[in-house]
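Contents: one structure, followed by commentary.
Reminder, nothing fancy here: chain letters follow the sequence lines and each chain counts from 1. Small disclaimer: the values here were computed from a predicted structure and weren't measured.
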Protein chains: 2
Amino acid sequence: MIEALRGQNFRLTPQRLEILRILASSREHPSVEQVFEEVRRRFPTTSLATVYRNILKLKELGQVLELGFAEGGNRYDGNRPFPHPHMVCIRCRKIMDPDVENLENLTERIASSTGFKIVNHRLDFFGICPRCQEADSA
Amino acid sequence: MIEALRGQNFRLTPQRLEILRILASSREHPSVEQVFEEVRRRFPTTSLATVYRNILKLKELGQVLELGFAEGGNRYDGNRPFPHPHMVCIRCRKIMDPDVENLENLTERIASSTGFKIVNHRLDFFGICPRCQEADSA
DNA sequence: CTATACGTGAAAATGATTATCATCTAATAT
DNA sequence: ATATTAGATGATAATCATTTTCACGTATAG
Ligand SMILES: [Mn+2]
Ligand SMILES: [Mn+2]
Ligand SMILES: [Zn+2]
Ligand SMILES: [Zn+2]
C-alpha cells in the first residue's frame with residue numbers, strides 16, 4: 001500500500017504512514033474520529049484536517065473503501081477496498097464484513113435490464129449484532 | 001396515506017397535505033429541496049423547515065422511504081416505503097427503481113450466518129443512466 | 001365561538017466535512 | 001551537510017444539509 005503512494009509525488013510523512021497503518025490493520029471500519037484519536041496516541045499534535053486529507057487521498061487511490069452515512073460520521077475499510085456487503089448494528093454502530101457470495105450476477109442482470117452502466121454498488125444490512133441481542137435479553 | 005395521519009393527533013394543514021401529495025405522486029425520488037420548490041408553487045410562504053418536519057413524520061410513520069446520502073441531500077420515495085434496490089446515476093443524480101426479484105433469500109442467509117437480527121437493508125447501484133450515456137457518445 | 005395543542009415561518013444552532021493560509025518539512029539536488 | 005521547493009501540516013474559518021428554537025398562527029374539539 002505504501003508502494004501505491006510512492007507513485008505520485010506523495011511524501012511519506014509520519015502522520016500519513018500512521019494513518020495508513022491504522023486503516024490497513026483495523027477490521028473495525030473505523031470512523032475519522034477513531035483514526036484521529038489513534039493517530040494522536042503516537043503523534044499528539046496531529047490535526048483532524050490531516051486525517052481527513054489523508055483518508056481522501058487513499059480513497060482516491062482506491063486503497064480505502066468509504067462507507068458514507070447520511071447521519072453520523074463515515075466509516076472506512078482499508079482491508080477490502082472494493083464494494084462488498086456490510087452488517088451495521090443499529091445499537092452499537094459496529095460494522096462487520098459478512099461472508100457472502102459475490103453479487104456479480106445481480107449486478108449484471110440489473111445492468112442489462114435497466115440500461116445502466118454500473119460502476120459501483122453498495123449493500124448494507126442494518127440490524128442488531130449478537131452482543132447487543134444478549135444485552136437486550138439480559 | 002392520509003388515513004395513516006389521522007390516527008395520531010396530527011392536523012391536516014394545507015402544507016402537510018401538499019407535501020403528502022407530492023411525495024405520493026412523484027416517481028423521481030425527490031430531494032427535500034425539490035419538494036420544497038413544488039410546495040411553494042401552491043403555498044409560497046411555506047418554510048423549508050416545514051418540509052423537513054413533515055417528511056420526518058411521514059418517515060417515522062413508515063409512509064416514506066428515506067435514501068440517505070453522505071454527500072448531497074437525501075432523497076425520498078413515497079411510492080414504495082419499504083427497502084428496495086435503487087439505480088443512482090452519478091451524472092444527473094436521477095434515481096430509478098429497477099425491477100428485481102426480492103432479496104429475502106440473501107437477507108435470511110446473511111442473518112443466519114452472522115447472528116444478526118436484520119431489520120432493514122439498503123442496496124444501491126451507482127452508474128450512468130441511458131440518457132447520460134447518449135450525452136457521452138455525442 | 002373559545003380554548004388549546006399542534007403546526008408554521010424565520011432564524012439560529014448543529015455537526016460532519018472541506019477550504020484557507022501561514023508555517024513546516026520530506027525529498028531532491030548541490 | 002546545506003539549500004531548494006513542492007507538497008504537507010495545524011489551526012481556523014467556511015460550507016452545507018439538517019435540526020432546533022421560539023413567537024405566532026391555526027386546525028380541531030367542545
Ligand atoms: Mn468492509
Ligand atoms: Mn424507490
Ligand atoms: Zn451491536
Ligand atoms: Zn443520468
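D/dT18 atom C1' lies 12 Å from atom CD of B/Glu33, rounded to whole Å. Between the CG atom of B/Leu17 and the C1' atom of D/dA27 there is a distance of 11 Å, rounded to whole Å. Rounded to a whole Å, the CD1 atom of B/Ile55 is 10 Å from the P atom of D/dT19. In this structure, B/Asn74 places its CG atom 14 Å from C1' of C/dG15, rounding to the nearest Å. Look at CZ on A/Phe10: it is 15 Å from C1' on D/dT9, rounded to the nearest Å. Whole-Å rounding puts the B/Glu18 CD to C/dG7 P distance at 18 Å. Atom CZ of B/Arg40 and atom C1' of C/dA10 are 11 Å apart (whole Å). Between B/Gln34 atom CD and D/dT18 atom C1' there is a gap of 17 Å when expressed in whole angstrom units.
Backbone-only contact: B/Gln15 has heavy atoms under 4.0 Å from sugar-phosphate atoms and none from a base.
Salt bridge status for B/Glu18 with B/Arg21: present, with a side-chain N to carboxylate O gap under 4.0 Å. Ion pairing between B/Glu37 and B/Arg40 fails under the 4.0 Å rule for side-chain N and carboxylate O.
Between B/Glu66 and B/Arg53, the residue anchored closer to the 5' end of DNA chain D is B/Glu66, taking for each the nucleotide with the nearest heavy atom. Each of A/Leu56 and B/Leu48 lies near DNA chain C, and the nucleotide nearest B/Leu48 is the one positioned closer to the 5' end.
For C/dT8, the OP1/OP2 oxygens have a side-chain nitrogen or oxygen of B/Thr13 closer than 4.0 Å. Phosphate contact (OP1/OP2 of D/dA11, side-chain N/O of A/Ser47, threshold under 4.0 Å): absent. Phosphate contact (OP1/OP2 of C/dT18, side-chain N/O of A/Tyr52, threshold under 4.0 Å): absent. Residue A/Lys57 places at least one side-chain N or O under 4.0 Å from the OP1 or OP2 atom of D/dA8. In this model, the phosphate group of D/dT9 is approached by a side-chain N or O of A/Asn54 to a distance below 4.0 Å at OP1 or OP2.
Of the candidates D/dA8, D/dT28, D/dT20, D/dT28 carries the atom nearest the B/Leu12 side chain, counting heavy atoms from C-beta on.
Ring geometry, A/His29 versus A/His84: the interplanar angle falls from 30° to 60°, so the pair is classed tilted.
B/Asp97 pairs in a salt bridge (charged side-chain N to carboxylate O under 4.0 Å, His left out) with only one of the listed residues (B/Arg27, B/Arg75, B/Arg80), which is B/Arg80.
The base of D/dG7 is paired with the side chain of A/Arg11 by a donor and an acceptor separated by under 3.5 Å.
Both tests pass for B/Arg122 against the ring of B/Phe69: distance under 6.0 Å to the centre and angle within 45° of the axis.
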